[in-house]
Number of protein chains: 2
Amino acid sequence: LHSEKFLDLKAGDLMIPLERVAHVQSNNSLEHALLVLTKSGYTAVPVLDYHDRLHGLISTPLIMEAILGLERIEFEKLEKIRVEEVMNKKIPRIRPDSPLHQYLHLLVDHPFICVENESGFFEGIVTRRVVLDLLTKKSSF
Amino acid sequence: LHSEKFLDLKAGDLMIPLERVAHVQSNNSLEHALLVLTKSGYTAVPVLDYHDRLHGLISTPLIMEAILGLERIEFEKLEKIRVEEVMNKKIPRIRPDSPLHQYLHLLVDHPFICVENESGFFEGIVTRRVVLDLLTKKSSF
Ligand SMILES: Nc1ncnc2c1ncn2[C@@H]1O[C@@H]2COP(=O)(O)O[C@H]3[C@@H](O)[C@H](n4cnc5c(N)ncnc54)O[C@@H]3COP(=O)(O)O[C@H]2[C@H]1O
Ligand SMILES: Nc1ncnc2c1ncn2[C@@H]1O[C@@H]2COP(=O)(O)O[C@H]3[C@@H](O)[C@H](n4cnc5c(N)ncnc54)O[C@@H]3COP(=O)(O)O[C@H]2[C@H]1O
């Protein structure tokens, strides 16, 4: 079943590269972020700066939670709050040469993992879908 | 590695049971659905009727897409649209006795799969997390 090879696969080989990753800038408004999420159809995306450095992730749950008032969802607040005030900064990062056996456990709690190179620049994301797809092909005998 | 046993695991043994699954009713407003999603922290949940029959799933992307106007997101429409008008009705269903090797491929495209018994009643959901957790434990030698 080549299980050793499956678990040796490098993040750089499995990732969706930067140019295909929807993302927002840390200084964007939540209104802009919600539009990006709505148009891309994703529920969470990475937050970068203008130098392609990774700052965190923003999701619809985080945005909605930030504008949930006592009586209703306060949508007028969206344009007044910035992504960096609400984003999740505590996210794991892996290197392009990290083998799957080192980061598989991260996919248990995170739908995607960000790949960052040694110079600190964002390179792409490894998603649950890609790993499950490999697992499915590997287990169909 | 007991791979045969891993792939034989039944949906009923892996699922989060109904009583622990956040869900909405098909005749709820999108406003109510968005509140349920925001408070539960989930980005998508099953849609049931009062007899615990499964009708589809509702997600924040589907809700936002439904109120996205030409100029802005039209939040005032949330209370006027019902879940059943917007939900995704084309969702796979598996039986409680379905073995993992039969539905693993479904998790490639779906973050969770609904479990429905022979009488047509919703019993729970099998999530990607549960399967990835098992895979991680199985592959740590
Ligand atoms: N436009 C689309 N076309 C086909 N399938 C779609 C899709 N949008 C969502 N899905 C399906 O829904 C799953 C959950 O998407 P979600 O946006 O919540 O969660 C996504 C999203 O937060 C992020 N993600 C995936 N691709 C991305 C991209 N190109 N740019 C930015 N973020 C991405 O990684 C998470 C996990 O993605 P994963 O592929 O494992 O799992 C995806 C995929 O199986
Ligand atoms: N309150 C929480 N506590 C701990 N971790 C949390 C969490 N909320 C989300 N997560 C993490 O984020 C992943 C994606 O959640 P999401 O809500 O987009 O996507 C979820 C959601 O749409 C649905 N789901 C999971 N548990 C549910 C429940 N109890 N009721 C209703 N829907 C549920 O199944 C999808 C996949 O769930 P999965 O567990 O594989 O993957 C979850 C889990 O790893």
Side-chain angles (χ1 to χ4, degrees), chain A residues 1 3-4 6-8 30-44 59-69 71-79 99-112 127-141, chain B residues 1 3-4 6-8 30-44 59-69 71-79 99-112 127-141:
Chain A
L1 282 174
S3 57
E4 305 80 17
F6 171 67
L7 292 167
D8 288 339
L30 291 193
E31 182 178 50
H32 179 84
L34 187 57
L35 276 166
V36 170
L37 289 169
T38 301
K39 290 178 184 178
S40 67
Y42 296 119
T43 61
S59 66
T60 28
L62 282 172
I63 293 174
M64 289 300 143
E65 192 182 20
I67 62 169
L68 183 64
E71 314 243 323
R72 59 183 185 85
I73 300 178
E74 296 167 2
F75 297 107
E76 64 279 6
K77 283 189 171 176
L78 285 171
E79 50 185 344
L100 184 55
H101 63 79
Q102 255 181 29
Y103 59 87
L104 180 60
H105 69 286
L106 294 176
L107 288 168
V108 173
D109 290 317
H110 304 273
F112 68 92
T127 61
R128 281 174 170 172
R129 181 186 194 288
V130 163
V131 171
L132 286 164
D133 191 35
L134 282 165
L135 174 65
T136 304
K137 293 188 166 89
K138 158 173 137 68
S139 48
S140 52
F141 3 91
Chain B
L1 284 173
S3 56
E4 305 80 18
F6 171 66
L7 293 167
D8 288 339
L30 291 193
E31 184 178 47
H32 178 85
L34 188 57
L35 276 165
V36 171
L37 289 170
T38 301
K39 289 179 185 177
S40 68
Y42 297 117
T43 60
S59 66
T60 28
L62 282 172
I63 293 174
M64 290 300 143
E65 190 183 21
I67 61 169
L68 183 62
E71 312 242 326
R72 60 183 185 85
I73 300 179
E74 297 167 2
F75 297 106
E76 63 280 5
K77 282 187 169 178
L78 285 169
E79 49 185 346
L100 183 55
H101 63 79
Q102 254 180 30
Y103 60 87
L104 180 60
H105 69 284
L106 294 175
L107 287 169
V108 173
D109 290 316
H110 304 273
F112 68 91
T127 61
R128 281 174 170 173
R129 181 186 195 286
V130 164
V131 172
L132 286 164
D133 192 34
L134 281 166
L135 173 66
T136 305
K137 293 187 165 90
K138 161 174 135 67
S139 47
S140 54
F141 3 90

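What's counted below: heavy atoms across the whole structure, side chains too, no hydrogens, waters or symmetry copies. This is a predicted model, so every value here is computed, not measured. Numbers restart at 1 for each chain; the letters A, B, ... are given by sequence-line order, proteins then strands.
Among residues two or more places apart in sequence or in another chain, the side chain to side chain contact (heavy atoms under 4.5 Å, CB included) test is passed with B:Glu79 by B:Glu31.
Atom CG of B:Leu106 is separated from atom OG1 of A:Thr136 by 9.0 Å, given to the nearest 0.5 angstrom. The distance from atom CG of A:Leu132 to atom CG of B:Leu104, rounded to the nearest 0.5 Å, is 6.5 Å. How far CZ of B:Phe75 is from CZ of A:Arg72: 11.0 Å, rounded to the nearest 0.5 Å.
Counting only heavy atoms from C-beta outward, the side chains of B:Leu37 and A:Thr60 never approach each other to under 4.5 Å. By the 4.5 Å heavy-atom criterion applied to side chains, A:Leu68 and B:Leu35 are counted as neighbours.
Scanning both residues, A:Pro61 and B:Gly41, for their nearest heavy atoms gives CG-O, 3.7 Å. Nearest heavy-atom pair across B:Arg129 and A:Val108 is CG-O, 3.0 Å.
Heavy-atom distances place no part of A:Leu62 under 4.5 Å from chain B, backbone and side chain included. Looking at A:Ile73, only its side chain comes within 4.5 Å of chain B, counting heavy atoms on both sides. B:His105 touches chain A through backbone and side chain together, each having a heavy atom under 4.5 Å away.
Atom CD of A:Glu65 sits in a sparse spot, with 12 or fewer heavy atoms from other residues, nucleotides or ligands closer than 6.0 Å.
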